[in-house]
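What follows is a short report on a single structure.
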2 protein chains.
Amino acid sequence: MTMSDIAAQFAARQYKLTSQREAIVRVLLENETEHLTVEDIYLKMKPYHPNLGMATIYRTLDLLSELHIVEKMNFGDGPARYDLRGGGQGHMHHHLICEDCGELTEIKEDWLAELEARLEREYGFLVTDHRLDFKGRFKTCERHDCRSARTGRQVG
Amino acid sequence: MTMSDIAAQFAARQYKLTSQREAIVRVLLENETEHLTVEDIYLKMKPYHPNLGMATIYRTLDLLSELHIVEKMNFGDGPARYDLRGGGQGHMHHHLICEDCGELTEIKEDWLAELEARLEREYGFLVTDHRLDFKGRFKTCERHDCRSARTGRQVG
DNA sequence: ATGCATGCAAAACCTTTGCACCGGA
DNA sequence: TCCGGTGCAAAGGTTTTGCATGCAT
């Protein structure tokens with residue numbers, strides 16, 4: 001996903017790619033592997049765009065979601081997180097969420113094609129997108145044996 | 001899942017099963033196939049427990065989540081929804097979310113065992129729970145051809 | 001008496017909205 | 001000029017928290 005791809009999508013729908021919107025997209029592109037919150041974006045932009053308010057970020061992210069450029073994720077603890085969708089393949093979002101350290105890891109593979117075919121056959125349901133989250137623990141997690149000491153951080 | 005199962009789990013952790021908590025559990029048991037919000041529960045209980053406030057429901061649901069008796073789900077639109085976990089098998093939560101009508105259907109089968117085994121082999125990640133949501137459309141959905149008329153309801 | 005649980009209200013938190021202003025076609 | 005976009009502040013909805021009271025051991 002490049003800036004000019006995104007510019008083309010804006011143009012196709014007659015949305016304006018203003019300097020604010022472009023700056024927000026740039027932050028997303030520069031942090032492609034992260035799952036940023038609105039506040040994350042706000043703070044990263046503040047030095048360069050001190051007047052840009054969170055409302056504009058919310059509005060821009062809604063727009064980008066509508067265009068399927070970003071995906072909005074809400075894990076139910078704290079604020080929603082946003083993520084550029086992967087290159088061509090479109091939908092697929094799988095996460096490993098460690099219950100010890102809270103780490104959120106994205107699985108880059110699409111393992112669900114056959115399940116989707118089965119849903120269509122057996123439920124008459126045409127899948128356009130999915131999200132799969134696993135909770136558990138990394139064997140190598142440094143906090144593996146600290147479970148009882150945890151404060152109540154919600155990881156899912 | 002029966003009330004006495006739940007009572008046993010409370011006792012095992014030295015939590016008190018007060019009349020308020022029992023009433024909340026009863027509402028969940030009586031609506032086992034629904035995905036209730038705190039407000040849903042509050043309104044259902046109001047006639048019988050007019051003094052019971054939402055704070056108690058929040059606190060009780062947190063407790064029930066911690067005991068893995070209910071699952072908290074947040075789809076990012078509106079309030080969180082809560083659901084009794086299925087009988088013995090423990091974790092498994094798969095949903096079909098229709099983008100036309102917003103209907104939320106639960107899939108009652110556990111299709112992910114082999115994926116979980118693969119995650120352990122390839123990522124060193126021990127899965128304790130997962131959630132799988134599919135967005136799409138039921139072929140039979142009555143609103144199938146009304147997409148352009150939709151207001152912006154968020155279904156995922 | 002001690003400590004957990006409750007009820008109420010206030011606060012906190014995240015997000016959306018209203019409205020005046022700005023800037024490009 | 002027109003219209004979408006922005007900035008700020010206020011409102012909205014959901015959830016958490018503080019604190020006094022209540023209840024059971």
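Every chain is numbered from 1, with letters handed out A, B, ... down the list of sequences.
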How many Å lie between [atom1] on [X] and [atom2] on [N], as a whole number?
{"X": "B/Y15", "N": "D/dT25", "atom1": "OH", "atom2": "P", "answer": "18 Å"}
{"X": "B/D62", "N": "C/dA5", "atom1": "CG", "atom2": "C1'", "answer": "14 Å"}
{"X": "B/N74", "N": "D/dT15", "atom1": "CG", "atom2": "P", "answer": "7 Å"}
{"X": "B/R13", "N": "C/dC4", "atom1": "CZ", "atom2": "P", "answer": "15 Å"}

Looking at A/R59 and D/dG7, is any side-chain donor or acceptor paired with a base atom of the opposite kind under 3.5 Å?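 Such a pair is found, so the answer is yes.
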
What residue pairs, at least two apart or across chains, pass side chain to side chain donor-acceptor pair (under 3.5 Å) with a residue in residues 45-57 of chain B? B/Y42-B/K46

Ignoring backbone atoms, test whether B/Y58 places a side-chain nitrogen or oxygen under 4.0 Å from the OP1 or OP2 oxygen of D/dT15. yes

OP1 or OP2 of C/dC4 versus the side-chain N and O atoms of B/T18: is any pair under 4.0 Å?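 B/T18 to C/dC4 OP1/OP2: no side-chain N or O under 4.0 Å.
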
The criterion is side chain to side chain donor-acceptor pair (under 3.5 Å); which residues satisfy it with B/T2, sequence neighbours excluded?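 Partners of B/T2 under the side chain to side chain donor-acceptor pair (under 3.5 Å) test: B/S4, B/D5.
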
Spatial distance of atom CG (A/L52) from atom CD1 (A/I24) [nearest 0.5 Å]: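 Going from CG on A/L52 over to CD1 on A/I24, the span is 5.0 Å.
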
Would A/D40 and A/T37 count as having a side-chain donor-acceptor pair, cut-off 3.5 Å?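 Their side chains do contain a donor-acceptor pair, which is all the 3.5 Å distance test asks for.
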
Testing A/L67, A/V70, A/L28, A/I69 one by one against A/I6 for a side-chain contact (heavy atoms from CB on, under 4.5 Å), which residue passes?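 It is A/I69, the one option of A/L67, A/V70, A/L28, A/I69 that forms the side-chain contact (heavy atoms from CB on, under 4.5 Å) with A/I6.
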
Between B/K16 and B/G78, who's closer to the 5' end of DNA chain D by nearest nucleotide? B/G78

Can you list, in residue-number order, the parts of residues 20-27 of chain B that come under 4.0 Å of DNA chain C, counting heavy atoms only? B/Q20, B/R21

Mind jotting down which residue pairs meet the salt bridge (Lys or Arg N to Asp or Glu O under 4.0 Å) criterion with at least one end in residues 22-31 of chain B? Sequence neighbours excluded, please. B/E22-B/R26

For DNA chain D, which residues of residues 38-57 of chain A approach it to below 4.0 angstrom with any heavy atom?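 Listed by number, they are A/N51, A/L52, A/G53, A/A55, A/T56.
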
Whether B/R81 side chain and B/N74 backbone form a donor-acceptor pair below 3.5 Å: no

Could you tell me if the side chain of A/V25 sits less than 4.5 Å from the side chain of A/M3, heavy atoms only?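 The answer is yes, as the side chains (C-beta and beyond) meet within the 4.5 Å cut-off.
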
Between C/dC14, D/dT16, C/dT16, which nucleotide has the shortest distance from any of its atoms to the side chain of A/P79? C/dC14

Non-neighbouring partners of A/R13 that pass salt bridge (charged side-chain N to carboxylate O under 4.0 Å, His left out), sequence neighbours left out: A/E66

